[in-house]
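The next block holds one structure in the form of structure tokens; read it before the comments.
Lettering of chains follows the sequences in order, A, B, ..., and the numbering in each one begins at 1.
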There are 2 protein chains.
Amino acid sequence: MLNNNINLVAILKEYGIKPSIQRIEILEFLIENRIHPNIEAIYSILVEKMPTLSKATVYNTLDLFAKNGLTNRLFIEANEVRYDIRTDRHGHFKCEKCKIIHDVEIYNLDTEINKNDYKGMIYAEEINYRGLCEACAK
Amino acid sequence: MLNNNINLVAILKEYGIKPSIQRIEILEFLIENRIHPNIEAIYSILVEKMPTLSKATVYNTLDLFAKNGLTNRLFIEANEVRYDIRTDRHGHFKCEKCKIIHDVEIYNLDTEINKNDYKGMIYAEEINYRGLCEACAK
DNA sequence: CTCGCAATTTAGAATAATTATAATACTATT
DNA sequence: AATAGTATTATAATTATTCTAAATTGCGAG
């Protein structure tokens, strides 16, 4: 536990983020629950351990994590942002019935933006699928 | 103009949508303005031609269009949905400064979802990039 | 060690997009 | 023209997010 916390602090520092109890707890949640949670999911679990936790802190912390490259924001659904601690190149598949988001491996992707439109720089790539998972497809 | 309207009506019917003035106007707007508009952009322009237009109608119409496969909904940004009349496979690039969304051609994309997670069906694919376009990159 | 400052967190208000609701208007058919 | 079903409108309600100002925390200088 102590070891684990030291580890979490090291990760935060590596990304230039000053550790605080809230930030450590949120990072720990993201690492141990690879469910691409939304704000509500993170808040509702953590507020039990930390009764004074504010939802604004969860927003602030995840904005900070995203800005520093520690997490990605996923816009796989209208009206809510999901957060992902895995930052290597991969896509997502969301089952529209059970709402679970699965990781998708990406191969051979090659894209071309019209040369007249674009020669700038790309910050983020997002590859999303929506449908029904096997269990829900029946 | 009359010819054009007949054409728009035919498109709506082809997708099983009963034509109404509002639906024709919204479809015409999408076809003639390939800007991946959000609801506000569509509403604010069309309300000048049709002063009684309600924003709820714009929402209803675009939901209907999307359900019937006439348009796609793009979740390229938090907190707003963009609408696209082009439905063949392609991606998008959004400049975070000027907010313009460009089409992106997709080649050789090959994906794999973990076999244990997924054998269901896919409804929608969305490939988005965010960054700065050439003009804004300076 | 403790004081002061800056950063962080908190609570709640404000905002913005979307959805729901109920009344009105329209359309097509008889 | 009457009717039934559908579409549109106006508005209220909801939800996610952002903003704001005050309270709290924690670190560094003395």
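Panel note: side chain B:N33, backbone B:I35; no donor-acceptor pair is recorded below 3.5 Å. For the pair B:T57 (side chain) and B:L53 (backbone), a donor-acceptor distance under 3.5 Å is absent. No side-chain donor-acceptor contact under 3.5 Å links A:N72 to the backbone of A:D84.
When the C1' atom of C:dT9 is taken as reference, atom CD1 of A:I42 falls 17 Å away, rounded to whole Å. Distance, A:K55 NZ to D:dT17 P: 9 Å, rounded to whole Å. Atom CG in A:L46 sits roughly 13 Å away from atom P in C:dT9 (whole-Å rounding). Between the NZ atom of B:K13 and the P atom of C:dT27 there is a distance of 13 Å, rounded to whole Å. If you take CD of A:E80 and P of D:dT18, they are 14 Å apart, rounded to a whole angstrom. Taking atom OH of A:Y43 as the reference point, atom P of D:dT15 lies 16 Å away to the nearest angstrom. Per the geometry, CZ belonging to B:F75 stands 15 Å off P belonging to D:dA16, to the nearest Å. One atom, CD1 of B:I24, and another, C1' of C:dT27, lie 13 Å apart when rounded to the nearest Å.
For the side chain to side chain donor-acceptor pair (under 3.5 Å) test, residues two or more places apart in sequence or in another chain that qualify with B:R82 are B:E80.
An OP1 or OP2 oxygen of C:dT9 is reached within less than 4.0 angstrom by no side-chain nitrogen or oxygen of A:S54. For B:S20 and D:dT8, the shortest distance from a side-chain N or O to OP1 or OP2 is below 4.0 Å. Side-chain N/O atoms of A:Q22 include one lying less than 4.0 angstrom from OP1 or OP2 on C:dT10.
The side chain of A:A56 lies closest to C:dA11, out of C:dA11, D:dT18, D:dT9. Nearest nucleotide to the A:R23 side chain, out of C:dT18, D:dT9, C:dT9: C:dT9.
Looking at B:L74 and B:Y83, their side chains never come closer than 4.5 Å, going by heavy atoms from C-beta outward.
When hydrophobic clusters are built by joining Ile, Leu, Val, Met, Phe, Trp and Tyr residues whose side-chain heavy atoms come closer than 4.5 Å, directly or via intermediates, B:I76 is not grouped with A:I127.
For the side chain to side chain contact (heavy atoms under 4.5 Å, CB included) with B:L70, the qualifying choice from B:I11, B:T87, B:T61, B:L62 is B:I11, the only one to do so.
With ring centers used as reference points, A:H36 lies under 6.0 Å from A:H92.
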In the 5'-to-3' direction, what one-character label does each nucleotide of nucleotides 21-29 of chain D receive under the scheme B = base within less than 4.0 Å of a protein heavy atom, S = sugar-phosphate only, - = no such atom? ---------

Any chance you could lay out the salt bridge (charged side-chain N to carboxylate O under 4.0 Å, His left out) test for B:R130 and A:E126, step after step, and finish with the verdict? CA-CA 9 Å; B:R130 289 187 294 279; A:E126 193 168 334; 3.4 Å; yes

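Taking every heavy atom of residues 57-72 of chain B and every atom of DNA chain C, pairs under 4.0 Å involve B:Y59, by number.
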